[in-house]
Amino acid sequence: MKEKNLLLIFTRNPELGKCKTRLAATIGDQPALDIYKFLLQHTVEITKNLKVDKEVHYSVQIRDNDSWSPEIYAKKQQVGDDLGQRMEYAFAAGFANGYQNIIIIGSDMYDLTQKDIENAFLALASHEYVIGPAEDGGYYLFGMKSLNSQVFKNKTWGTETVLKDTLKNIQKENLKLLEERNDIDYYEDIKDITVFQKFLPI
C-alpha cells in the first residue's frame, strides 16, 4: 500500500555561480557553493530516515550519482516557469498519485530537524495546512491535504511578502503555524553561526 505521506524536496543543482547567489555576492561563488553543498548534505541527514515517501525535485536536471540515494528518494524534474508553477505541479502530481498529506521543503535550511518535519506531518492529521514561517517573510515548509492552486499564484517569490500573501489564500482554513526559523540567503544569515565559519573567506 502506498504511504499516504509525501515529502517533496526542492533542490537547485549545485553549480558554481548558480546557487546561493545573494550569499555569493558577499562571500564569493566558491564559498557559497561549498555552503550550499553542506546544506544539501544536512537536508539528506534530516530526511533520509523519515517514515514517509520522499521525492527530490531538481531545478535543472536530474543527477544520478549525487547525495540523494535512489533507494530512498524518487528523483523528479521540476516543471513550470516560476517557483509557484513548479510547486503547484509537484503537489498536483502527488495528490493525483493518491497521497493524502504532502509537505514541501527546500534543501538549504540548516535550522531544521527531522523532528520538525515529523511534527509537521502530525499537524496535518488535524489541520488542512501546515506552514513553517521564515524570518525573511517567506516560508521554509508548506503542507496541505488537498490541492489549493491559489497559494501558488500571484506571489513575488523570494520576497518578504510571500508568507503574508499565502496566508490570505487560506485565512479561513484550518492552519497550523510552526515556529519561525532562519533560512540562509545572505551573509547576515550565517555570520554568527559557528558551523559556517570554516567556509568563510578570511
Side-chain angles (χ1 to χ4, degrees), residues 1-15 18-20 23 31-79 83 86-87 89-125 127 129-134 138-145 176 178-185 189-190 193-196 198-199:
M1 182 177 136
K2 185 182 282 289
E3 169 63 59
K4 68 177 183 177
N5 294 326
L6 174 63
L7 179 68
L8 306 170
I9 303 167
F10 264 39
T11 186
R12 186 178 292 276
N13 298 79
E15 297 177 8
K18 295 184 179 179
C19 54
K20 289 285 154 218
L23 180 61
L33 177 61
D34 292 341
I35 286 173
Y36 185 57
K37 288 180 176 178
F38 171 77
L39 292 169
L40 286 177
Q41 193 56 44
H42 173 73
T43 308
V44 171
E45 293 301 319
I46 66 171
T47 59
K48 65 182 182 181
N49 296 318
L50 286 168
K51 301 291 193 286
V52 302
D53 285 356
K54 296 172 277 285
E55 294 178 358
V56 175
H57 290 249
Y58 290 77
S59 61
V60 181
Q61 67 184 82
I62 294 173
R63 297 283 174 85
D64 290 328
N65 300 309
D66 62 4
S67 300
W68 309 100
S69 165
E71 274 76 58
I72 300 174
Y73 304 93
K75 299 191 175 191
K76 308 278 187 177
Q77 178 78 50
Q78 294 177 25
V79 178
L83 180 59
R86 291 171 176 230
M87 289 196 292
Y89 182 90
F91 271 92
F95 287 124
N97 284 330
Y99 290 101
Q100 297 173 9
N101 305 305
I102 303 179
I103 286 174
I104 191 168
I105 62 170
S107 51
D108 54 0
M109 277 291 298
Y110 184 68
D111 198 12
L112 190 63
T113 67
Q114 178 178 325
K115 193 72 179 171
D116 292 329
I117 302 170
E118 289 171 347
N119 287 338
F121 275 109
L122 286 174
L124 285 178
H127 300 80
Y129 297 90
V130 59
I131 297 181
Y139 54 75
Y140 60 85
L141 178 152
F142 181 83
M144 56 185 166
K145 298 171 77 75
K176 170 69 173 180
L178 305 177
E179 284 183 36
E180 187 176 80
R181 294 289 166 88
N182 171 48
D183 60 2
I184 291 169
D185 290 312
D189 299 326
I190 63 166
I193 302 176
T194 303
V195 74
F196 293 111
K198 63 187 178 188
F199 298 108

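Below, each value reflects all heavy atoms present in this structure, side chains not excepted, and no hydrogens, waters or symmetry copies. Just so it is clear, the structure is predicted and the values come from calculations on it, not from any experiment.
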Would you say [X] has more than 12 foreign heavy atoms packed within less than 6.0 Å of its [atom1]?
X    : atom1 : value
K75  : NZ    : yes
K54  : NZ    : yes
K145 : NZ    : yes
Y89  : OH    : no

Between [X] and [Y], which heavy-atom pair has the shortest distance, and what is it?
X    : Y    : result
K37  : P14  : CG-CB, 4.2 Å
D183 : A134 : OD2-CB, 3.9 Å
T43  : G106 : CG2-O, 4.0 Å
V130 : A123 : CG2-CB, 4.1 Å
H57  : Q78  : O-NE2, 2.9 Å
Y129 : M144 : CD2-CB, 3.6 Å

[X] side chain near [Y] side chain, heavy-atom distance below 4.5 Å:
X    : Y    : value
L122 : N119 : yes
N13  : C19  : no
I184 : D108 : no
L40  : D66  : no
D189 : F196 : no

Could you state the interatomic distance from [atom1] ([X]) to [atom2] ([Y]), rounded to the nearest 0.5 Å?
X    : Y    : atom1 : atom2 : value
L6   : Q100 : CG    : CD    : 12.0 Å
L8   : D53  : CG    : CG    : 10.5 Å
I103 : E118 : CD1   : CD    : 10.5 Å
I117 : I46  : CD1   : CD1   : 4.0 Å
F199 : L39  : CZ    : CG    : 8.0 Å
K20  : D34  : NZ    : CG    : 14.0 Å

Stepwise side chain to side chain contact (heavy atoms under 4.5 Å, CB included) check, V60 with Y58
CA-CA 6 Å; V60 181; Y58 290 77; over 6 Å; no
Partner set under salt bridge (Lys or Arg N to Asp or Glu O under 4.0 Å) for [X], not counting sequence neighbours:
X    : value
E179 : R181
R12  : none
E45  : K48

Plane angle bin for W68 and Y73 - parallel if under 30°, tilted between 30 and 60°, otherwise perpendicular
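Plane angle over 60°, so perpendicular.
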Classify the ring geometry of H42 against Y110: parallel below 30°, tilted from 30° to 60°, perpendicular beyond 60°.
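Plane angle between 30° and 60°, so tilted.
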Step by step, would you call N182 with I193 a side chain to side chain contact (heavy atoms under 4.5 Å, CB included)?
CA-CA 11 Å; N182 171 48; I193 302 176; 4.2 Å; yes
Test item: side-chain donor near acceptor, S107 and T11, under 3.5 Å
yes
Y140 and D116 side chains, donor-acceptor separation under 3.5 Å
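The answer is no; no qualifying pair exists.
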Checking side chain to side chain contact (heavy atoms under 4.5 Å, CB included) for the pair K51/F121: CA distance, chi angles, key distance, verdict?
CA-CA 10 Å; K51 301 291 193 286; F121 275 109; over 6 Å; no
Yes or no on side chain to side chain contact (heavy atoms under 4.5 Å, CB included) for L50 and N5, after CA distance, side-chain angles and deciding distance?
CA-CA 10 Å; L50 286 168; N5 294 326; over 6 Å; no
